Amino acid sequence: MTDTRTRTDREETRSERTDETVDESQQCPECDGQLVTDEERGETVCAECGLVVEEDNVDRGPEWRAFDASERDEKSRVGAPTTTMMHDKGLSTNIDWRDKDAYGNSLGSRQREKMQRLRKWNERFRTRDSKERNLKQALGEIDRMASALGLPENVRETASVIYRRALDEDLLPGRSIEGVATSSLYAAARQTGTPRSLDEVAAVSRVEKDEIARTYRYVVRELGLEIEPADPKSYVPRFVSELDLSEETERRARSLLDTATEKGLHSGKSPVGLAAAAVYAAALLTNEKVTQSEVSDVASISEVTIRNRYHELLEAEEGTVAP
């Protein structure tokens with residue numbers, strides 16, 4: 001009887017301790033207030049004092065929204081979200097290249113041969129026709145160049161959509177896959193406000209600069225893409241970052257470009273050249289040491305262009321635009 005009571009007391013004590021632990025985990029460590037979860041910001045904060053206890057919480061919910069039961073049933077699925085950056089939109093399966101089972105153990109020789117045959121046939125079924133093989137090669141090329149240029153994922157998605165449209169509109173005959181892929185990436189970068197110069201794109205591409213420019217004009221015209229002229233100010237943050245300059249220099253460069261735009265100095269000028277000259281001029285005005293050669297290497301613009309634009313920007317700042 002005594003043993004039974006002792007066991008019961010232990011279980012109750014253990015239960016109380018567990019409850020206390022749960023309650024403590026839901027209390028603010030500063031003021032013992034109640035913790036609430038802000039799902040929009042992914043943070044756990046105190047409702048009393050506003051202390052942020054956790055941040056960057058993982059959102060385990062779906063990326064879609066549904067407003068009724070039928071819509072929820074249509075959108076409900078398992079697996080990763082679809083993406084246009086893969087030729088099959090990420091809906092197919094892959095067989096791991098490592099010859100190991102689910103427990104990490106190495107496969108026998110017969111099983112390895114079997115898995116090799118399965119990989120081969122799986123790859124053949126994923127790219128059954130020439131269009132899918134074309135798409136797979138082009139999207140791989142877009143991903144490679146975007147990585148080399150440091151472009152974000154939204155640019156890669158946009159470039160993939162542009163290339164798919166070009167393929168559907170039958171714009172590829174007579175043009176190389178690499179040329180259309182590069183042109184799609186160049187157009188996507190300009191559309192999303194993270195432009196790269198034609199020289200920078202050509203440096204990571206497998207086709208010549210003239211072919212990229214020619215194919216780009218053709219794709220934009222045939223697909224009716226609306227692409228505004230590149231803003232010189234969009235290049236400034238990258239140049240400043242790569243040259244390791246201060247925020248004051250960046251603000252000064254933006255101010256120089258605003259003045260030049262107001263006076264129409266930017267018309268007919270290369271936005272990359274204007275941005276590079278503005279960064280160089282701003283660095284001198286803020287007493288930061290940077291040479292024309294360093295700016296030229298970062299912006300892929302000749303020193304002569306930088307000098308010419310530099311004098312024009314300073315004259316515009318002083319109120320007398322150069323003739």
Side-chain angles (χ1 to χ4, degrees), residues 145 148-151 155 182-183 185-205 207-217 220-221 226-323:
M145 292 186 292
L149 292 169
L151 293 171
V155 178
T182 307
S183 303
L185 183 63
Y186 180 59
R190 295 188 60 175
Q191 269 192 334
T192 54
T194 54
R196 295 293 185 269
S197 67
L198 195 57
D199 290 321
E200 290 177 299
V201 175
V204 300
S205 177
V207 294
E208 298 296 328
K209 177 181 175 180
D210 292 342
E211 182 181 347
I212 297 172
R214 185 168 56 251
T215 308
Y216 165 75
R217 290 192 294 268
V220 170
R221 183 178 66 251
E226 296 182 0
I227 300 178
E228 298 180 356
D231 186 358
K233 290 192 293 185
S234 61
Y235 294 94
V236 171
R238 183 161 56 89
F239 294 167
V240 169
S241 176
E242 293 184 15
L243 290 168
D244 197 22
L245 300 174
S246 65
E247 292 184 8
E248 182 183 0
T249 300
E250 182 177 344
R251 288 194 298 270
R252 198 75 178 86
R254 289 177 178 273
S255 176
L256 288 170
L257 290 172
D258 287 337
T259 303
T261 303
E262 289 175 3
K263 298 187 177 182
L265 187 65
H266 68 293
S267 179
K269 304 291 194 308
S270 166
V272 182
L274 275 174
V279 170
Y280 175 68
L284 296 183
L285 292 173
T286 54
N287 296 320
E288 294 200 57
K289 293 182 179 180
V290 65
T291 64
Q292 292 180 6
S293 176
E294 291 173 338
V295 179
S296 174
D297 292 339
V298 167
S300 299
I301 291 293
S302 69
E303 295 181 30
V304 176
T305 302
I306 293 175
R307 281 195 295 271
N308 292 339
R309 300 291 91 80
Y310 159 74
H311 292 300
E312 292 172 356
L313 287 172
L314 291 184
E315 290 177 356
E317 183 76 4
E318 293 171 0
T320 56
V321 181

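This is a predicted model, so every value here is computed, not measured. Residue numbers count from 1 along this sequence.
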Give, for atom [atom1] of [X] and atom [atom2] of [Y], the distance between the pair rounded to the nearest 0.5 Å.
| X | Y | atom1 | atom2 | answer |
| --- | --- | --- | --- | --- |
| Gln292 | Ile301 | CD | CD1 | 13.0 Å |
| Glu211 | Ser183 | CD | OG | 8.0 Å |
| Asn287 | Lys289 | CG | NZ | 10.5 Å |
| Lys263 | Leu313 | NZ | CG | 11.0 Å |
| Tyr310 | Glu315 | OH | CD | 10.5 Å |

Minimum heavy-atom distance [X]-[Y], with the two atoms named:
| X | Y | result |
| --- | --- | --- |
| Val240 | Ser246 | CG1-O, 3.8 Å |
| Ala281 | Leu256 | CB-CD1, 3.8 Å |
| Ala282 | Ala253 | CB-N, 3.5 Å |
| Ser234 | Asp231 | OG-O, 2.6 Å |
| Pro232 | Pro271 | CB-O, 3.7 Å |

CD of Glu208: more than 12 outside heavy atoms within 6.0 angstrom?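 Count not over threshold, so no.
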Measuring only between side-chain heavy atoms, which start at C-beta, is [X] closer than 4.5 Å to [Y]?
| X | Y | answer |
| --- | --- | --- |
| Leu243 | Thr249 | no |
| Tyr216 | Ile227 | yes |
| Met145 | Leu151 | no |
| Ser296 | Ile306 | yes |
| Pro237 | Arg254 | yes |
| Phe239 | Val295 | no |
| Ser205 | Ile212 | yes |

Side-chain donor/acceptor of Ser255 to backbone N/O of Arg251, under 3.5 Å: no
Given side-chain contact (heavy atoms from CB on, under 4.5 Å), test Leu149 with Leu185 step by step and report yes or no. CA-CA 10 Å; Leu149 292 169; Leu185 183 63; 4.2 Å; yes
Is the closest basic N to carboxylate O distance between Glu248 and Arg252 below 4.0 Å?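 Looking at Glu248 and Arg252, the cut-off is not met.
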For a side-chain contact (heavy atoms from CB on, under 4.5 Å) check, start with the C-alpha distance between Thr215 and Thr182, then their side-chain angles and the critical distance, and finish with the verdict. CA-CA 9 Å; Thr215 308; Thr182 307; over 6 Å; no
Before you tell me yes or no, could you show the steps for Asp297 and Glu294 under side-chain contact (heavy atoms from CB on, under 4.5 Å), namely the whole-Å CA-CA distance, both residues' side-chain angles and the distance that decides it to 0.1 Å? CA-CA 5 Å; Asp297 292 339; Glu294 291 173 338; 5.6 Å; no
Going through the checks in order, is the salt bridge (charged side-chain N to carboxylate O under 4.0 Å, His left out) test met by Glu312 and Arg309? CA-CA 5 Å; Glu312 292 172 356; Arg309 300 291 91 80; 3.0 Å; yes
Please list all pairs meeting salt bridge (Lys or Arg N to Asp or Glu O under 4.0 Å) that have one or both residues in residues 191-205, counting only residues at least two apart or in different chains.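 Listed once each, the pairs are Asp199-Lys209, Glu200-Arg238.
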